[in-house]
Amino acid sequence: MIRLFWADALVKDLNGPQRVSTGISPSGPIHIGNMREILTGDILFKAISKKGLEADFIYLCDDMDPLRKVYPFLSEDYKRYVGQPLKNIPAPEGTGKYSDYYLDPFVRVMKEANIPARVIKTSDLYDTGTLARACDIAIHNREKIREILETVSGRQIEGDFYPYEPLCERCGRINTTQVVSYKYPYAEYVCKCGHHGFADIRKAEGKMPWRVEWPAKWFALKVTVEPFGKDHGAPGGSYDTGKKIASEIFGIAPPLPLIYERIILKGKGAMHSSTGLAIAASEIMEVIPPDLLRYMIARVNPGRHIDFDPGLGILALADELGKLQDEYFGDRSALDEDQIAMVEYSLVNKDRKPYPVDFRHLVTLVQIYRNEDELLRAVKMSSTSNFDEADFKKEIEYARRWLDRYAPENVKFKILPIDQRVELNDEEAMLLESFVNDIDGMPWESASIHDKVYDLAQKYKKSPDSVFSLFYRIFIGKDRGPRLGYFLYNLGRDFVKNRIERVLSQHEGA
């Protein structure tokens with residue numbers, strides 16, 4: 001039985017042109033947790049395209065949403081902007097708009113991660129009149145919509161209800177107005193600030209509330225597939241009200257849904273921009289390769305949450321992907337269809353050549369070699385395959401930045417000076433002397449070095465861990481370190497020999 005990858009399984013029965021939609025309100029840094037939405041949408045888009053169907057992918061930036069409060073990352077000066085649309089508020093730093101300040105870095109992330117979504121601002125949908133017909137239909141069916149909202153959500157709506165929120169032209173707020181009458185295309189309103197005015201639904205002079213605006217976008221943009229978080233998919237949530245409004249008010253079938261779970265930041269909980277508990281997606285894209293980010297999303301069924309550990313978890317994830325990619329670029333017979341799809345949906349560039357070393361080994365190399373040229377020379381000497389040097393240089397930078405920002409202390413090391421003293425007992429000195437005596441005659445390869453150290457542990461009746469620890473103490477002053485065979489191999493036979501001989505001579509002279 002062929003096991004289908006989750007995206008392929010979801011879209012297998014689709015026919016005809018498809019439009020995948022995702023989106024977000026740029027109220028704060030667009031974080032790694034938000035990447036699950038856009039990447040889930042992207043994988044679905046690619047799965048539809050793989051079927052040979054005409055497909056389109058859009059990313060909606062809800063820049064008409066109001067600033068709801070002064071978030072922890074904002075200054076108290078922003079109190080005056082609460083209630084105003086994000087597109088009308090100044091950026092926290094520099095010039096420009098608040099919404100663009102948080103959207104622009106994410107657009108760059110999309111490009112780096114090979115996410116070809118068209119970015120559409122909600123304000124533009126209103127300003128171009130794209131949502132005008134939906135607004136008009138919704139307002140004319142306001143009592144029916146009210147009944148749907150109350151029945152499905154279980155919450156009563158107080159007072160006179162209009163599914164439209166005008167933007168006050170005096171105070172600039174969108175959450176303090178109330179429609180009092182409507183005659184196309186103008187909604188007459190009063191505001192708590194005392195202003196009385198008229199909003200044109202053909203322009204960005206107001207917006208529909210979220211539970212109405214969402215199905216209105218499906219209607220206006222002909223959306224057929226949409227992933228969304230479990231909060232929207234909860235019983236009585238916005239998808240439940242949205243699909244009823246879609247069918248009963250707008251006369252369309254709701255898009256095929258895919259509900260995804262959250263990304264949990266290890267040891268801290270679910271990420272939220274509003275609480276400040278988040279790592280910006282643009283920050284993560286500086287420290288881990290885009291293939292790895294895509295794989296983190298692709299490998300887990302959307303119905304399961306993802307534990308994100310930016311420390312050691314990144315190395316474990318890189319090991320996992322590296323093993324799959326080695327098989328994918330080599331003999332694929334050991335991979336099932338699910339694993340092949342997992343790798344293909346992760347690759348930013350399907351035609352790229354495999355890297356000469358994996359990410360974990362690269363983390364070791366950037367700590368051994370002083371500069372990029374030395375590292376590249378060492379890799380070329382030990383690699384039998386061709387690789388794209390420019391592409392690999394980017395991987396080197398990812399490894400360096402990850403080390404600087406997220407690597408735990410037990411991964412970091414510095415090579416001790418050649419004459420740094422290390423305390424030894426006589427048994428340890430004998431073991432090291434045996435290693436030095438054999439070093440010139442042994443093959444200088446990672447596996448051979450590892451085997452030699454292991455043999456010495458058996459010869460001297462010591463645990464392998466204690467012997468490995470001895471070598472780490474001599475070269476980095478720690479009890480643990482990177483994979484020893486590979487580590488010593490890259491230090492070079494001469495350096496390893498000279499360093500151990502120095503330590504032994506100091507022991508003899510003590």
Side-chain angles (χ1 to χ4, degrees), residues 287-289 292 309-323 325-326 354-372 374-383 387 392-393 395-418 420 422 428 431-432 435 439 442-457 462-500 503:
V287 299
I288 67 172
L292 202 54
D309 173 11
L312 282 178
I314 293 299
L315 290 187
L317 200 64
D319 288 346
E320 191 178 304
L321 177 58
K323 184 175 182 297
Q325 286 183 336
D326 285 346
Y355 295 131
V357 296
D358 62 36
F359 194 74
R360 183 183 290 270
H361 285 159
L362 191 54
V363 166
T364 298
L365 294 180
V366 298
Q367 296 181 85
I368 292 175
Y369 295 101
R370 288 170 293 180
N371 59 56
E372 191 178 82
E374 287 183 7
L375 193 159
L376 283 169
R377 275 197 298 271
V379 168
K380 287 174 182 176
M381 285 175 62
S382 62
S383 176
F387 61 92
F392 185 58
K393 283 181 178 179
E395 197 85 349
I396 293 172
E397 287 307 307
Y398 286 125
R400 289 195 193 283
R401 289 191 290 257
W402 178 79
L403 269 167
D404 288 342
R405 302 180 197 179
Y406 292 107
E409 285 305 312
N410 62 354
V411 172
K412 298 177 181 179
F413 63 83
K414 288 184 179 179
I415 306 300
L416 295 178
I418 194 79
Q420 176 78 44
V422 175
E428 288 172 335
L431 187 150
L432 289 171
F435 183 83
I439 196 170
M442 64 186 287
W444 198 248
E445 299 168 350
S446 301
S448 300
I449 298 169
H450 179 277
D451 291 345
K452 181 63 179 177
V453 175
Y454 197 89
D455 290 343
L456 287 171
K462 297 178 72 69
S463 71
D465 283 350
S466 67
V467 179
F468 277 62
S469 179
L470 170 62
F471 278 87
Y472 291 131
R473 280 167 42 215
I474 289 170
F475 290 98
I476 61 175
K478 292 185 172 187
D479 291 327
R480 299 177 67 85
R483 294 170 183 168
L484 188 64
Y486 187 79
F487 174 61
L488 296 182
Y489 165 76
N490 279 285
L491 288 178
R493 192 194 306 258
D494 291 342
F495 178 84
V496 171
K497 183 179 180 180
N498 291 339
R499 170 65 180 145
I500 294 176
V503 171

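Only heavy atoms go into these numbers, but all of them, side chains included; no hydrogens, no water, no symmetry mates.
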[Y] and [X], any side-chain heavy atoms less than 4.5 Å apart:
X      : Y      : result
Glu428 : Arg473 : yes
Leu317 : Ile288 : no
Leu484 : Leu488 : yes
Phe413 : Ile368 : yes
Tyr398 : Leu292 : no
Phe487 : Ile449 : no
Ile314 : Val287 : no
Val467 : Leu431 : yes

Restricting to non-hydrogen atoms, name the atom on [X] and the atom on [Y] that form the minimum distance, rounded to 0.1 Å.
X      : Y      : answer
Phe495 : Ile415 : CZ-CG2, 3.7 Å
Pro464 : Ala457 : CA-CB, 3.9 Å
Tyr472 : Asp479 : CD1-O, 3.5 Å
Val503 : Ile474 : CG2-CG2, 4.0 Å
Leu416 : Gly477 : CD1-N, 3.5 Å
Gly313 : Asp309 : N-OD2, 2.9 Å

Exercise for the section: Please test Ser466 against Ser463 for side-chain hydrogen bond (donor to acceptor under 3.5 Å, both in side chains), starting from the C-alpha separation and ending with a verdict. Expected result: CA-CA 5 Å; Ser466 67; Ser463 71; 3.2 Å; yes
Practice task
Please determine if Glu395 and Arg400 form a salt bridge, counting it only when a charged side-chain N lies under 4.0 Å from a carboxylate O.
Solution key: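 Salt bridge flag = no for Arg400 with Glu395.
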Practice task
Might you work through the side chain to side chain contact (heavy atoms under 4.5 Å, CB included) test for Phe387 and Val379, ending with a clear yes or no?
Solution key: CA-CA 10 Å; Phe387 61 92; Val379 168; 4.0 Å; yes
Could you tell me whether a side-chain N or O of [X] sits under 3.5 Å from a main-chain N or O of [Y], the two making a donor and an acceptor?
X      : Y      : value
Glu374 : Tyr369 : no
Lys478 : Val411 : no
Gln367 : Val363 : yes
Arg493 : Met442 : yes

Indicate the ring-plane relationship of [X] and [Y], choosing parallel, tilted or perpendicular according to the 30° and 60° boundaries.
X      : Y      : value
His450 : Phe468 : perpendicular
Phe471 : Phe475 : parallel
Trp402 : Phe359 : perpendicular

Exercise for the section: Just do the side chain to side chain contact (heavy atoms under 4.5 Å, CB included) check on Phe392 and Leu376 with the steps written out, would you? Expected result: CA-CA 9 Å; Phe392 185 58; Leu376 283 169; 3.8 Å; yes
Problem - Stepwise side chain to side chain contact (heavy atoms under 4.5 Å, CB included) test for Thr364 and Asn490 - result: CA-CA 9 Å; Thr364 298; Asn490 279 285; 5.9 Å; no
Atom pair [atom1] ([X]) and [atom2] ([Y]), whose distance is rounded to the nearest 0.5 Å:
X      : Y      : atom1 : atom2 : answer
Leu365 : His361 : CG    : NE2   : 8.0 Å
Asp451 : Glu445 : CG    : CD    : 10.5 Å
Arg360 : Leu315 : CZ    : CG    : 4.5 Å

Practice task
Might you confirm whether atom CZ of Arg405 has over 12 heavy atoms from other residues, nucleotides or ligands at distances under 6.0 Å?
Solution key: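 More than 12 within 6.0 Å, yes.
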Problem - Whether over 12 other heavy atoms sit under 6.0 Å from Lys323 NZ - result: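 No, because the 6.0 Å sphere around NZ of Lys323 holds 12 heavy atoms or fewer from other groups.
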Exercise for the section: In sequence, state the C-alpha distance, the side-chain angles, and the governing distance for Glu372 and Arg377, and then conclude on side chain to side chain contact (heavy atoms under 4.5 Å, CB included). Expected result: CA-CA 9 Å; Glu372 191 178 82; Arg377 275 197 298 271; over 6 Å; no
Exercise for the section: Determine the sole option in Leu491, Ile418, Asp494 for which the side chain to side chain contact (heavy atoms under 4.5 Å, CB included) test with Arg499 is passed. Expected result: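 Of all the options given, the one that passes is Ile418.
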